[in-house]
Protein chains: 2
Amino acid sequence: MNHPSDQTTGAQKNSAAAERVTSALSLAIHEHRIAPGTKLGEDEVAEIFSVSRTVVRASLQALAHLQLVEIQRNRGAYVAKPSLREAREVFEARELLEPRTARSAAERAGPEDIDLLKRHITEEHAALDASDQGRALRLSGQFHIAISRIADQTTIAGFIEALIARSSLIIALYWRRESALCEKFAHHDLVDAIADRDGERAEELMRSHLVDLHSALDLDDRPVAPQSLKDALKP
Amino acid sequence: MNHPSDQTTGAQKNSAAAERVTSALSLAIHEHRIAPGTKLGEDEVAEIFSVSRTVVRASLQALAHLQLVEIQRNRGAYVAKPSLREAREVFEARELLEPRTARSAAERAGPEDIDLLKRHITEEHAALDASDQGRALRLSGQFHIAISRIADQTTIAGFIEALIARSSLIIALYWRRESALCEKFAHHDLVDAIADRDGERAEELMRSHLVDLHSALDLDDRPVAPQSLKDALKP
DNA sequence: GGACACATCACTGTATACAATCCTGCATTC
DNA sequence: GAATGCAGGATTGTATACAGTGATGTGTCC
């Protein structure tokens with residue numbers, strides 16, 4: 001059985017070394033150790049991981065497909081900075097897909113699935129207790145992915161995975177300091193509903209959980225980031 | 001204004017030459033000129049397009065991400081052969097996403113959007129009259145993509161694009177000879193509903209259209225393809 | 001005659017070298 | 001002093017060469 005924080009995503013497998021680089025970059029982005037907008041120079045990344053640019057390029061392309069990085073032709077790869085509009089779209093899409101997925105998961109979950117989810121939550125708590133925000137955030141995403149996997153719809157699970165990856169960037173950009181990270185209980189209740197095989201309740205819990213998350217973001221129309229003024233005038 | 005059959009998909013842009021190769025391969029697959037399961041050797045493709053393997057690899061990777069081709073490590077790239085289960089999942093996902101998208105499209109469509117859709121249909125008819133099955137099929141897919149673009153949800157539009165790409169493979173594998181290609185009228189009615197700004201009707205038409213499509217496929221559990229016996233015994 | 005082991009071959013994986021493009025800084029000019 | 005043009009450097013795009021892996025076919029042994 002896999003450890004809950006295993007990160008073999010459903011994404012397209014790259015070959016050998018490329019996958020290692022992709023995972024490492026993806027992890028760092030998910031844990032907010034690389035900020036949106038950061039340039040990922042090929043030589044730079046290549047040296048860090050002791051591989052050639054060929055491998056790095058494959059990784060960056062894979063990440064670009066997940067929209068975690070943006071590749072500008074002849075200019076290089078940058079960690080993506082989702083716009084307000086994109087941020088809204090991502091959460092709308094999640095609110096469309098995930099509640100239904102949670103329902104399916106509740107209807108299909110076996111004992112080992114429940115176990116997996118519970119271990120997930122344990123890990124989340126541990127990360128929160130250790131004040132490891134980055135890890136907690138990543139695990140929180142993994143929790144959602146785990147549910148979509150249990151729902152046994154790999155196609156939709158893949159979409160959700162991509163949405164959660166982008167959510168991580170969105171949270172990095174638009175999270176309101178004021179709002180607390182109240183996911184602990186939300187996730188716990190969700191697992192309970194799934195363990196009870198109560199699809200209806202799982203669906204509703206997931207929906208409200210996502211609405212909570214959404215409303216904890218600052219997705220109004222006015223400029224948010226300090227550099228947006230400069231950005232707005234440049235092009 | 002763009003020509004309706006323009007094919008600048010929302011997918012991640014590859015660099016320069018790679019995009020040309022990706023488009024050409026994608027087109028050939030969509031038009032059923034390359035069968036599922038066909039091997040796409042790097043040298044072979046490289047020579048056909050007069051580029052180096054580097055470029056071909058980038059293209060194949062991009063197509064792999066759309067799940068149009070499957071890359072097996074150290075073994076090469078093959079045009080994907082979606083399983084029955086995957087086929088079902090793809091259509092379930094479409095039935096989940098597209099009706100709602102059609103509703104949004106109806107609510108947002110401007111005159112130029114209606115024009116675009118009408119020109120799409122004209123092209124489809126032309127292809128059908130010319131008995132160009134492959135082109136008709138591709139245009140039919142493009143029609144769905146156009147609607148999702150009008151809905152102005154680029155994130156979901158991207159998902160739908162990927163689903164339609166795979167649908168093309170699924171149709172190649174599981175289409176029943178008996179059932180007629182009845183899309184002409186379905187698409188026509190849909191455009192009418194969108195032109196009337198009747199979201200409700202558009203949603204319902206899209207739903208039934210997809211159900212029709214789904215039921216025109218042979219997605220039962222028994223083996224379908226003639227070579228499946230051989231395949232089943234080999235591994 | 002069949003099966004296994006091994007060698008050969010074809011192909012993919014990775015690294016590196018070269019070409020093209022873009023950005024930066026400086027000099028020149030008005 | 002500001003703006004423009006140009007040159008240098010840095011970075012990405014592409015091609016090619018080498019290394020590693022899997023498949024195929026042959027030969028030998030039982």
Side-chain angles (χ1 to χ4, degrees), chain A residues 8 11-26 34-35 37-81 227 230-231 233-235, chain B residues 8 11-26 34 37-81 227 230-235:
Chain A
T8 27
Q12 205 63 31
K13 270 183 214 158
N14 287 321
S15 38
E19 197 166 350
R20 187 172 61 90
V21 178
T22 307
S23 296
L25 286 174
S26 168
I34 312 181
T38 306
K39 166 142 196 187
L40 300 173
E42 295 185 354
D43 276 322
E44 197 181 350
V45 177
E47 189 167 11
I48 290 169
F49 291 101
S50 305
V51 293
S52 75
R53 276 177 52 219
T54 310
V55 172
V56 173
R57 282 179 74 81
S59 287
L60 292 176
Q61 225 180 305
L63 292 170
H65 203 101
L66 289 172
Q67 295 183 284
L68 277 178
V69 315
E70 187 185 347
I71 295 177
Q72 295 168 16
R73 189 171 305 179
N74 287 320
R75 304 238 8 257
Y78 298 80
V79 178
K81 279 169 80 168
Q227 73 274 25
K230 186 183 69 190
D231 286 356
L233 298 175
K234 219 190 281 176
Chain B
T8 28
Q12 206 63 32
K13 269 181 212 157
N14 287 323
S15 37
E19 197 165 349
R20 186 173 60 90
V21 177
T22 307
S23 297
L25 286 174
S26 169
I34 312 181
T38 306
K39 165 143 197 186
L40 300 173
E42 296 185 354
D43 279 321
E44 197 179 351
V45 178
E47 189 167 13
I48 290 169
F49 292 100
S50 303
V51 292
S52 75
R53 275 178 52 217
T54 310
V55 172
V56 174
R57 281 181 75 80
S59 287
L60 292 177
Q61 230 179 299
L63 292 171
H65 206 103
L66 290 173
Q67 296 184 281
L68 277 177
V69 315
E70 187 184 348
I71 294 178
Q72 295 169 16
R73 189 170 304 178
N74 288 320
R75 302 236 13 253
Y78 299 80
V79 178
K81 279 169 81 167
Q227 74 274 25
K230 185 182 69 187
D231 286 355
L233 298 175
K234 222 191 278 180

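We use all heavy atoms of the structure for the numbers below, so side chains are in, but hydrogens, waters and symmetry mates are not. Note that the structure is a prediction, hence the values are computed from the model and not measured. The chains referred to below are lettered A, B, ... by the order of the sequence lines, with proteins before strands, and numbering in each begins at 1.
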Worksheet item: Which atoms form the tightest heavy-atom contact between A:S26 and A:L68, and what is the distance?
Response: OG-CD1, 4.2 Å

Response to the item:
The side chain to side chain donor-acceptor pair (under 3.5 Å) partners of A:R75 (sequence neighbours excluded) come to A:Q72, A:Y78

Worksheet item: Looking only at heavy atoms, which two atoms of B:L60 and B:A77 are closest? And how far apart?
Response: CD1-CB, 3.9 Å

Item to complete: For residues B:A18 and B:S59, report the shortest heavy-atom separation together with the two atoms involved.
Response: O-OG, 2.8 Å

Worksheet item: About how many Å separate CD of A:E70 and CG of A:L40, when rounded to the nearest 0.5 Å?
Response: 11.5 Å

With 3.5 Å as the limit, what N/O pairs link the protein to nucleotides 22-24 of chain D?
unit_1, atom_1, unit_2, atom_2, d
D:dA23, OP1, B:R75, NE, 3.2

Response to the item:
Quick note, salt bridge (Lys or Arg N to Asp or Glu O under 4.0 Å) partners involving residues 43-53 of chain A, not counting sequence neighbours, are A:E42-A:R53

Worksheet item: What are the two closest non-hydrogen atoms of B:V55 and B:A17, and how far apart are they?
Response: CG1-C, 3.9 Å

Discussion item. Please identify the 5'-most and 3'-most nucleotides of DNA chain C with any atom under 4.0 angstrom from a heavy atom of chain A.
Written reply: C:dG13 to C:dC23

Worksheet item: Closest nucleotide of DNA chain C for B:T54 versus for B:K39: which of these residues is on the 5' side?
Response: B:K39

Discussion item. In this structure, how many angstroms lie between the P atom of D:dA10 and the CD atom of A:E44, rounded?
Written reply: 14 Å

Fill in: Any donor-acceptor pair under 3.5 Å from A:Q67 side chain to A:A80 backbone
no

